Amino acid sequence: MAIWLTKESKVIVQGMTGSEGSKHTRRMLAAGTNVVGGVNPRKAGTTVDFDGTELPVFASVADAMRETGADVTVIFVPPQFTKGAVVEAIDAEIPLAVVITEGVPVHDTASFWAYNVAKGEQTRIIGPNCPGIASPGASNAGIIPADITGSGRIGLVSKSGTLTYQMMYELRDIGFSTCVGIGGDPIIGTTHIDALAAFEADPDTDAIVMIGEIGGDAEERAAEFIKDNVTKPVVGYIAGFTAPPGKTMGHAGAIISGSAGTAEAKQQALEAVGVKVGKTPTETAKLMRELMSGR
């Protein structure tokens with residue numbers, strides 16, 4: 001079993017005919033993802049060949065859903081067009097929208113997220129500026145490498161794409177139920193808390209790895225949620241212990257302001273609720289390995 005993305009998921013790609021969209025559509029297909037089409041209003045009615053797999057191009061998300069039964073969209077469009085693409089997905093009420101695009105203006109993200117809330121949150125948004133979601137051995141929606149780990153019983157939620165990949169590789173012999181890269185922008189759709197709640201409810205996830213980073217208070221809020229709602233063991237890592245105050249480190253949301261948002265504060269909050277926190281990704285993986293060896 002997996003959260004949000006399964007072998008049965010039918011995936012469309014907004015921007016499938018662009019350079020990034022076509023490259024990663026090919027990779028998703030190779031990973032076994034059930035990609036059923038793409039969306040580009042200017043090329044509607046055409047098909048695209050991906051190494052022998054012909055995929056239709058539709059004029060809209062709604063058209064693609066009606067014709068294929070799609071329930072997931074992966075969005076590979078330039079930043080200036082991302083808001084419109086997400087709003088289209090929301091209007092179509094597709095259950096899951098994975099927004100890969102980097103550099104989306106924060107105002108645009110705030111706007112489409114508020115629109116989603118006003119529409120009743122029928123669409124789960126992951127991202128923007130994220131690597132996507134992968135349920136190893138079942139489906140892969142986004143840019144997460146498909147061959148670095150196998151299926152297993154660990155759930156992973158991470159702000160960082162590269163640390164997602166590293167943790168998946170370090171624990172490849174144990175494997176994962178689902179790996180979710182939520183992105184590190186100041187405003188994102190799916191949060192650590194959303195993923196923690198889903199993994200807690202998933203009978204095939206035994207333990208959870210949570211990767212955070214400096215900036216904001218998402219990890220502190222996640223710690224409060226873990227204290228009251230999560231019974232499964234959680235291992236954590238916070239990136240940015242050496243980051244100087246006032247400097248943005250990597251993600252737009254990863255900035256320390258005064259004493260708020262430091263790695264030390266986040267580590268303390270997590271450890272206070274029983275989360276074991278590693279000082280490095282490798283140490284974090286070792287903590288999870290020790291935990292899983294007793295199961």
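Remember, it's a predicted structure, so these values are computed and weren't measured experimentally.
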Worked check of side chain to side chain contact (heavy atoms under 4.5 Å, CB included) between D185 and V106 = CA-CA 8 Å; D185 278 6; V106 175; 5.9 Å; no
Take C130 and V99, measure what side chain to side chain contact (heavy atoms under 4.5 Å, CB included) needs, and give me the verdict at the end.
-> CA-CA 7 Å; C130 77; V99 189; 5.7 Å; no
K227 and E224: salt bridge (Lys or Arg N to Asp or Glu O under 4.0 Å), yes or no, with the steps?
-> CA-CA 5 Å; K227 180 179 71 174; E224 284 298 309; 3.3 Å; yes
How far apart are the C-alpha atoms of M28 and V74, what are their side-chain angles, what is the distance that settles it, and do they pass the side chain to side chain contact (heavy atoms under 4.5 Å, CB included) test?
-> CA-CA 10 Å; M28 286 188 281; V74 186; 4.3 Å; yes
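With K266 contributing its side chain and I214 its backbone, the two residues share no donor-acceptor pair below 3.5 Å. Listed for the T82 side chain is a donor-acceptor partner under 3.5 Å among the backbone atoms of P78. The main-chain N or O of L5 is never found under 3.5 Å from a side-chain atom of S9 such that the two would form a donor-acceptor pair. The closest donor-acceptor contact from the side chain of T191 to the backbone of I193 lies under 3.5 Å.
Atom CD of Q14 is separated from atom CD1 of I100 by 11.5 Å, given to the nearest 0.5 angstrom.
Under a 4.0 Å N-O distance rule, the pair R289/D173 qualifies as a salt bridge. Using a cutoff of 4.0 Å between basic side-chain nitrogens and carboxylate oxygens, K159 and E219 are scored as salt-bridged.
Defined by atom type and a distance below 3.5 Å, a donor-acceptor pair is missing between the side-chain atoms of S111 and D108. One side chain, E170 or T282, offers a donor N or O that lies under 3.5 Å from an acceptor on the other.
Looking at V104 and N129, their side chains never come closer than 4.5 Å, going by heavy atoms from C-beta outward. Inter-residue side-chain proximity for V230 and F199 is flagged as unmet; no heavy-atom pair is nearer than 4.5 Å. I75 places none of its side-chain heavy atoms less than 4.5 Å from the side chain of V98. When side chains are defined from C-beta on, F58 does not count as touching S60, because their heavy atoms never get closer than 4.5 Å.
For the residue pair T109 and I187, the shortest heavy atom distance occurs at CG2-O, 3.4 Å. Residue E290 comes nearest to S293 through the heavy atom pair O-OG, 2.7 Å, listed as atom of the first residue, atom of the second, then distance. Scanning both residues, T33 and S139, for their nearest heavy atoms gives CG2-OG, 3.4 Å.
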Please table the atom pairs, donor to acceptor, closer than 3.5 Å between any side-chain atom in residues 34-43 and protein atoms at least two apart or in another chain.
| from | atom 1 | to | atom 2 | distance (Å) |
| --- | --- | --- | --- | --- |
| N40 | OD1 | R42 | N | 3.0 |
| N40 | ND2 | T17 | OG1 | 2.8 |

Report, one line per pair, each donor and acceptor closer than 3.5 Å where one atom sits in a side chain of residues 143-157; sequence neighbours left out.
| from | atom 1 | to | atom 2 | distance (Å) |
| --- | --- | --- | --- | --- |
| T149 | OG1 | M168 | O | 3.2 |
| R153 | NE | D206 | OD1 | 3.3 |
| R153 | NE | D206 | OD2 | 2.7 |
| R153 | NH2 | P203 | O | 3.1 |
| R153 | NH2 | D206 | OD1 | 3.2 |

